[in-house]
Undergrad: 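Encoded as structure tokens, here's the structure I'll be asking about.
Basis for what follows: all heavy atoms, side chains included, without hydrogens, waters or symmetry-related copies. Within every chain, numbering begins at 1; the chains are lettered A, B, ... in the order of the sequence lines, protein sequences first and strands thereafter.
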2 protein chains.
Amino acid sequence: MPENTKDKERPFSRVVQKLRQVGLRPTRQRLALAKILFDGPCRHVTAEILHDEVSQANISVSLATIYNSLHQFTNAGLLREVVVDSGRTYFDTNISDHYHYFMEKEGCLKDIPRGAINFDMLPDEPEGKKFSRIEVIIHVTEESQK
Amino acid sequence: MPENTKDKERPFSRVVQKLRQVGLRPTRQRLALAKILFDGPCRHVTAEILHDEVSQANISVSLATIYNSLHQFTNAGLLREVVVDSGRTYFDTNISDHYHYFMEKEGCLKDIPRGAINFDMLPDEPEGKKFSRIEVIIHVTEESQK
DNA sequence: GTGTTTGCAAAGTGTTTGCAATTTA
DNA sequence: TAAATTGCAAACACTTTGCAAACAC
């Protein structure tokens with residue numbers, strides 16, 4: 001099992017930049033996570049899923065670091081937190097305004113395509129308050145279930 | 001501290017009925033909880049809030065029983081679970097179709113008045129699936145905060 | 001070198017569970 | 001009395017924290 005170091009830095013350059021832009025040092029751990037998260041289609045992950053995936057890639061990143069990184073990425077605006085399930089935190093790599101399906105059976109999130117859902121009217125913001133975000137989650141079950 | 005037993009059953013009759021209707025024995029604990037929950041305006045509670053309130057009324061109900069009861073009430077259709085915050089479960093005594101404000105500062109839920117929010121269009125249910133419920137949560141912050 | 005980041009293990013939070021004792025019908 | 005319910009304490013799942021060692025610049 002010879003170590004493959006040849007493609008160690010080059011393919012990460014985009015990810016390295018992304019981290020640098022938000023002021024996070026591109027450490028081995030953060031690079032591995034960022035590559036999984038941002039180098040491909042948008043994803044919805046939990047800390048545990050990420051931990052499994054990074055492990056499968058034979059990179060060891062502790063759970064504590066995964067949690068730290070997820071929050072750092074979120075604070076930096078690279079991720080968005082989605083709450084569907086008390087006791088489990090999902091992070092969405094799609095940071096644009098959009099809503100979610102929650103597939104009850106699989107326990108996973110899917111983006112609702114832009115334009116597939118629309119508000120006719122919204123309440124007014126109360127005096128001195130503002131709506132910081134509007135979450136819509138459509139729970140999807142199998143036809144047979146109630 | 002003389003025990004006050006005179007008004008022990010009568011004022012509970014509505015609540016007793018409610019429990020009986022869904023097949024739950026009106027025990028001392030369930031009655032105390034049901035009275036707090038259903039005898040008055042609609043509420044949003046967590047297990048802890050309920051525990052505090054019932055304790056303040058000098059009735060002792062263990063947290064385990066509170067959790068049990070909240071789930072029993074929910075399964076019986078007397079309550080509805082609302083997820084806003086990972087790590088804390090809210091129960092809503094308003095079981096009609098409606099949506100929520102989440103007041104970030106206070107960490108509490110408020111119902112959005114019926115008709116204040118409306119969908120213009122909704123996605124179609126995929127083949128063999130159905131939308132079991134649609135959750136809308138508007139996060140409300142102070143004007144100054146972002 | 002200096003300040004940042006990591007990883008472990010321990011602590012924390014909210015919730016669930018097993019089971020003996022108690023209560024309800 | 002039989003079956004349901006309760007409460008405790010222990011177990012749980014997920015997340016956060018403190019701190020010494022390792023790392024990035």
Undergrad: Check the phosphate of dT6(D) against S62(B), side-chain N and O only, distance under 4.0 Å to OP1 or OP2. Yes or no?
TA: no
Undergrad: Just checking S86(A): base, sugar-phosphate only, or nothing, at a heavy-atom cut-off of under 4.0 Å?
TA: nothing
Undergrad: Looking at V136(B) and I134(A), what are the two nearest heavy atoms and their distance?
TA: CG1-CG2, 4.2 Å
Undergrad: Do T89(A) and S86(B) pair up side chain to side chain, a donor and an acceptor below 3.5 Å, judged on atom types alone?
TA: yes
Undergrad: Between the base of dT24(C) and the side chain of R25(B), is there any donor-acceptor pair under 3.5 Å?
TA: yes
Undergrad: Have a look at S60(A) and say if it touches a base, only the backbone sugar-phosphate, or nothing, with a 4.0 Å heavy-atom cut-off.
TA: sugar-phosphate
Undergrad: Please say which of F91(A), F38(A), Y67(A) ends up in a ring pair (Phe, Tyr, Trp, His ring centres under 6.0 Å) with F73(A).
TA: F38(A)
Undergrad: Check the distance between dT5(C)'s P and Q72(A)'s CD and give it to me in whole angstrom.
TA: 7 Å
Undergrad: Tell me, do H100(A) and D111(A) make a side-chain contact under 4.5 Å, heavy atoms counted?
TA: yes
Undergrad: Below 4.0 angstrom from OP1 or OP2 of dT23(C), is there any side-chain N or O of Q29(B)?
TA: no
Undergrad: With a non-hydrogen cut-off below 4.0 angstrom, is T89(A) in contact with a base, only sugar-phosphate, or nothing?
TA: sugar-phosphate
Undergrad: Among V15(A), L24(A), V61(A), V16(A), find the one that has a side-chain contact (heavy atoms from CB on, under 4.5 Å) with R30(A).
TA: L24(A)
Undergrad: How close or far is atom P of dT13(C) from atom OH of Y67(A), stated in whole angstroms?
TA: 16 Å
Undergrad: To the nearest Å, how far apart are L70(B) CG and dG7(D) C1'?
TA: 16 Å
Undergrad: Can you see if the side chain of R30(B) gets near the phosphate of dT24(C) - specifically, an N or O under 4.0 Å from OP1 or OP2?
TA: no
Undergrad: For F91(A) and for N68(B), find the nucleotide of DNA chain D with the closest heavy atom, then tell me which residue's nucleotide is more 5'.
TA: N68(B)
Undergrad: With both distances kept under 3.5 Å, what pairs with dC19(D), Watson-Crick or G-U wobble?
TA: dG7(C)
Undergrad: Determine the interatomic distance between P on dT15(C) and the same-named atom on dA11(C); round to the nearest Å.
TA: 23 Å
Undergrad: What is the distance, rounded to the nearest whole Å, between atom CD of E48(A) and atom P of dT15(D)?
TA: 8 Å
Undergrad: Atom NE2 of H51(B) to atom C1' of dT15(C): distance rounded to whole Å?
TA: 14 Å
Undergrad: Pick base, sugar-phosphate or nothing for T65(A), based on heavy-atom distances below 4.0 Å to the nucleic acid.
TA: base
Undergrad: Could you check how far NE2 of H71(A) sits from C1' of dT5(C), rounded to whole Å?
TA: 17 Å
Undergrad: Output the single nucleotide from dA25(C), dG7(D), dT5(D) whose closest atom is nearest the side chain of T27(B).
TA: dT5(D)
Undergrad: Looking only at side-chain N and O atoms, does R28(A) come under 4.0 Å of OP1 or OP2 in dG7(C)?
TA: yes
Undergrad: Rounded to whole Å, please give me the gap between CG in L63(A) and C1' in dC14(D).
TA: 9 Å
Undergrad: Only pairs with both distances under 3.5 Å count, Watson-Crick or wobble alike; so what is the partner of dT13(C) in this structure?
TA: dA13(D)
Undergrad: Please state how far atom CG in D85(A) lies from atom C1' in dT16(C), giving the value in whole angstrom units.
TA: 15 Å
Undergrad: If only side-chain N and O atoms count, and only distance matters, is there a donor-acceptor pair under 3.5 Å linking H98(B) with R80(B)?
TA: yes
Undergrad: Check every atom of dC25(D), dG7(D), dG7(C) against the side chain of A64(B) and return the nucleotide holding the closest atom.
TA: dG7(D)
